[in-house]
Amino acid sequence: MYCSVILRGSVRQTDNLYTYRIPEEMRSDVNCGSLIYVPFGKGDSERCAVVVDITDSFEGDEGVIKDIASVISSLPVLNSDQIALIDKISERFNCTKGDVVELMVPSCVVNHKNPVEVFAELVSKETAQEVLDSETLRSVAHINILEYLLERGKCTRKELMSSLSCSSAQVKALEDKGLVRLVKETSDNEVPVISVSGGVPEGKFTEEYDLSDEQETAIGEILKGIDEKKDNTYLVFGITGSGKTEVYLNIAKKVISEGGSVIYMVPEISLTPQTINWIKGRLGDSVAVLHSRLTDKQRYEQWNNIRTGKARVIVGPRSGVFAPAVNLRLIILDEEHDGSYKAESHPRYSARDIARMRSKITGASVVLGSATPSVESFYAANAGAYKLLELKSRARQEATLPEIIPVDMKEQVKLGSGDMLSLPLRQAMSVAFSQNKQVILLLNRRGFSRTLVCEDCGEPVTCKNCSVAMTLHNNRRNGTQSLICHYCGYTIPSYEARCSFCNSNHFTKAGFGTQQLEEFLHSVFPHEKVLRMDQDSTMTPGAHKEIIEKFAAKEASILIGTQMIAKGLDFPDVTVVGVLGADLMLASSSFKASERAFQLITQAAGRAGRGETPGKVFIQSYRPDQPLLQFACTQNYRAFYEQEIEYRQKLNLPPYKALGEIVLSLPEEDLLIKRANELAKYLNDFLGFQDKKYKFEVYGPMPCVIYELRGRYRMSFVIKAVNKSAINGVFKRLIADFDHTKYPMSYDNDPQDG
Ligand code: ADP
Ligand code: ZN
Ligand code: ZN
């Protein structure tokens with residue numbers, strides 16, 4: 001027998017299907033999906049591989065075929081729907097099949113030291129003795145085996161075969177005669193026996209509600225879809241607090257009661273003990289949780305429970321989409337718009353896309369949920385590709401939406417209150433402290449330090465073609481500074497910048513950081529304790545969790561931080577939220593800046609007034625009248641969407657056209673510029689020849705927003721085309737035509753950040 005394998009983590013040169021012979025004694029241990037070691041290459045070094053096909057015969061030169069070295073896991077590590085996904089993912093995300101195997105089979109599985117072994121034992125000693133005594137057995141091997149087992153008792157089949165030089169077929173024959181029993185067991189006792197969940201929480205976590213009509217309808221629709229076993233996708237569009245979680249829990253419960261499995265993804269940052277308790281409390285001990293803080297052993301345990309079907313609900317971040325779920329019927333993506341569902345290093349996959357691909361293969365339904373859906377998803381729902389289910393009111397009657405108050409910072413600066421905390425916000429904070437309540441201050445710094453903003457009106461310098469903020473680059477050769485648009489490459493010297501809003505030419509690298517804010521708070525509210533959550537304060541593992549726990553325990557009354565704190569946290573005593581520097585969120589150089597700002601403000605608002613006291617949210621801006629902030633303040637997602645989709649259409653951005661980004665990076669700057677220009681010429685020539693129907697546009701080369709990274713300089717190209725497969729076609733050509741060692745490029749067909 002032979003098997004075809006994919007090498008785990010293969011590079012492009014070794015990304016083929018390789019055929020190996022299965023030695024006789026391993027035949028019953030090698031299945032489709034088994035994980036094995038194979039000798040590979042000239043030196044026959046051992047490589048980890050997964051079996052994707054098994055055949056009786058092999059057409060070709062038998063002499064070159066090698067034997068499998070050993071079996072790591074006989075029990076499949078991939079089920080058939082996952083194997084079917086491998087090619088599709090490698091095609092869609094421009095990675096090797098081996099990269100996909102690596103995503104699906106985490107290293108804890110490869111390193112797991114408890115290989116399953118086959119043991120042989122006698123069904124009954126008496127019968128065996130009788131058979132031997134009756135001298136009816138013709139085969140010497142059969143006699144030897146029975147005698148060996150009578151003498152020594154249970155042993156591994158391997159031991160039998162090597163001690164007696166018999167074959168597995170001969171052992172099998174005795175099994176067929178009902179004399180020997182073959183059992184698969186792990187060869188040592190280290191097998192995890194701990195329950196999947198580590199205890200099911202009780203009390204408030206198990207409480208069930210009478211569903212609202214809207215919840216009832218959504219649940220009914222989705223359950224109908226799940227029964228159809230078609231690739232149905234639902235978008236649950238429900239305001240914060242509308243009880244989306246309740247919808248997910250109800251449908252998940254139904255699916256597991258029918259023997260199906262559910263993948264339930266939440267953004268990494270929301271994967272808190274709180275969230276996990278809610279899910280476990282309601283769905284019981286068939287929940288497996290995959291998160292980044294697990295040790296290898298714990299991760300293996302969870303993973304193994306999933307593949308054996310013991311765990312039926314898989315809770316995890318984006319990587320959960322690869323879980324070896326048995327009889328997968330439902331995939332949930334909570335907060336589907338969240339950026340963490342997209343991987344930002346190779347392979348740059350999107351969990352949302354993979355969920356849809358998996359759904360096509362398995363017939364599992366996909367449920368996307370959000371209060372602020374991504375523009376792409378809402379567009380798909382409007383176009384009928386997804387079914388839209390709306391939850392328009394808050395689930396708990398007593399919960400009211402917080403009041404969202406725009407604050408004009410131009411006036412505040414004139415009044416002398418400075419550019420950090422406006423008077424209305426400061427007053428509300430004082431009131432909150434006097435009532436023993438808490439305050440969250442949100443300061444989003446993402447990318448803004450590289451843009452210039454108008455000193456007079458707070459507007460960033462935007463590209464005349466693309467309306468995104470231009471990024472500031474230092475030209476170290478001649479000491480000048482330029483502003484560059486990251487989407488079309490439009491460049492101006494920084495002294496030529498004019499504010500597109502008020503025509504001023506005074507610009508500054510405005511903004512302040514979380515540390516400055518913290519110091520300022522100490523001077524204004526010297527008696528209040530402040531916790532700060534940003535990239536610096538969460539460098540060490542567990543720091544994030546620790547800050548949240550301290551704040552929940554009310555060890556501090558103020559929590560300040562970046563977008564990290566806006567997501568999914570539930571602090572009932574927070575009554576005031578301040579969004580500082582709302583303009584700077586919009587000044588990011590990404591085409592998703594508006595979408596992100598709207599999402600962030602909505603989420604921040606969702607943090608206020610989760611308990612009995614209604615909340616207040618202050619949005620500080622130099623231009624509080626701009627439409628986006630108005631839409632955010634009135635929580636009018638549809639109005640926001642209408643404005644945004646018009647902009648996307650005008651500029652041929654997703655969802656109207658697909659976007660591709662190619663980044664070339666080299667340690668020497670001169671060489672980078674030379675090669676980038678060669679690449680530009682190639683791209684322009686090549687795309688110039690293509691059929692007009694693909695609607696290719698190519699921009700670049702231009703320096704990346706972050707030009708220097710880990711000792712390399714980086715230039716990018718942006719391509720627009722009708723769809724992702726056209727973009728992938730270009731990537732494939734580049735991969736084939738350029739030597740990766742000379743032209744190290746990365747490819748992204750869904751770039752999120754400018
Ligand atoms: P979302 O995820 O849509 O923001 P949640 O699922 O967090 O909303 O629900 C908000 C609050 O309402 C939670 O405290 C939840 O327990 C409660 N809740 C959900 N459904 C109901 C219901 N049908 N009746 C009463 N309370 C509910
Ligand atoms: Zn531009
Ligand atoms: Zn201005």
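FYI, side chains are in, hydrogens and waters are out, and symmetry mates aren't considered; it's all heavy atoms of this structure. Position 1 is the first residue of the sequence, and the numbers go up from there. Please read all numbers here as calculations on a predicted model, not as lab measurements. Order of listing sets the numbers, starting from 1, for every ligand and every atom in it.
The nearest non-hydrogen atom to atom 21 (C) of ligand 1, considering only Gly241, Ala371, Ala395, comes from Ala395. With atom 9 (O) of ligand 1 as the reference point, the heavy atom nearest to it among Gly243, Ser212, Ser242 is part of Gly243. When the heavy atoms of Thr245, Thr275, Asp334, Asn250 are ranked by distance to atom 2 (O) of ligand 1, first place goes to Thr245.
With salt bridges taken as basic N to acidic carboxylate O contacts below 4.0 Å, one links Glu644 and Arg648. The pair Glu221-Lys387 does not meet the salt-bridge criterion, since no charged nitrogen lies less than 4.0 angstrom from a carboxylate oxygen. A salt bridge between Asp338 and Arg318 is absent, with no side-chain N of the basic residue lying under 4.0 Å from a carboxylate O of the acidic one. Salt bridge annotation for Arg638-Glu390: present, with a cationic side-chain nitrogen under 4.0 angstrom from a carboxylate oxygen. The pair Lys244-Asp334 fails the salt-bridge criterion, with no side-chain N (NZ, NE, NH1 or NH2) lying under 4.0 Å from an Asp/Glu carboxylate O. In this structure, Arg352 does not pair ionically with Glu376, as no charged nitrogen and carboxylate oxygen lie closer than 4.0 Å.
A cation-pi arrangement, defined by a distance under 6.0 Å to the six-membered ring centre and an angle within 45 degrees of its axis, is absent between Lys720 and Phe696.
The environment of Tyr656 atom OH is dense: over 12 non-hydrogen atoms of other residues, nucleotides or ligands sit within 6.0 angstrom.
Inter-residue side-chain proximity for Ile219 and Leu223 is flagged as met; some heavy-atom pair is nearer than 4.5 Å.
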Inset, instruction - Show your reasoning for whether ring pair (Phe, Tyr, Trp, His ring centres under 6.0 Å) applies to Phe378 and Tyr637. - result: CA-CA 10 Å; Phe378 205 66; Tyr637 175 83; 4.9 Å; yes

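Contact annotation: for Leu211 versus ligand 1, heavy atoms closer than 4.0 Å belong to the backbone alone. When heavy-atom distances to ligand 1 are checked against a 4.0 Å cut-off, Ile239 comes that close only through its backbone atoms N, CA, C and O. The proximity of Asp210 to ligand 1, defined as any non-hydrogen pair under 4.0 Å, is limited to the backbone. Residue-level proximity to ligand 1 for Gln215 is carried by the side chain, the only part with a heavy atom below 4.0 angstrom.
Every residue two or more places apart in sequence or in another chain that forms a ring pair (Phe, Tyr, Trp, His ring centres under 6.0 Å) with Tyr248 is listed here: Tyr264. Here Glu455 pairs with His506, Thr508 under the side chain to side chain contact (heavy atoms under 4.5 Å, CB included) rule; sequence neighbours left out.
Below 4.0 Å from some heavy atom of Thr240 lie the following atoms of ligand 1, by number and element: 4 (O). Heavy-atom contacts of Lys244 reach the following atoms of ligand 1: 1 (P), 2 (O), 3 (O), 4 (O), 6 (O), 8 (O) (cutoff under 4.0 Å). Close approach of ligand 1 to Glu246 is summarised as follows: ligand atoms under 4.0 Å from at least one heavy atom of the residue are 20 (N).
Protein atoms of type N, O or S found under 2.8 Å from the Zn ion (ligand 3) total 4.
Aromatic ring centres of Tyr487 and Tyr699 lie farther apart than the 6.0 Å criterion allows.
When each of Ile256, Val255, Ile263 is checked for a side chain to side chain contact (heavy atoms under 4.5 Å, CB included) with Val313, only Ile256 meets the rule.
Protein N/O/S atoms closer than 2.8 Å to the Zn ion (ligand 2), listed by chain and residue number, are Cys463 SG, Cys466 SG, Cys485 SG, Cys488 SG.
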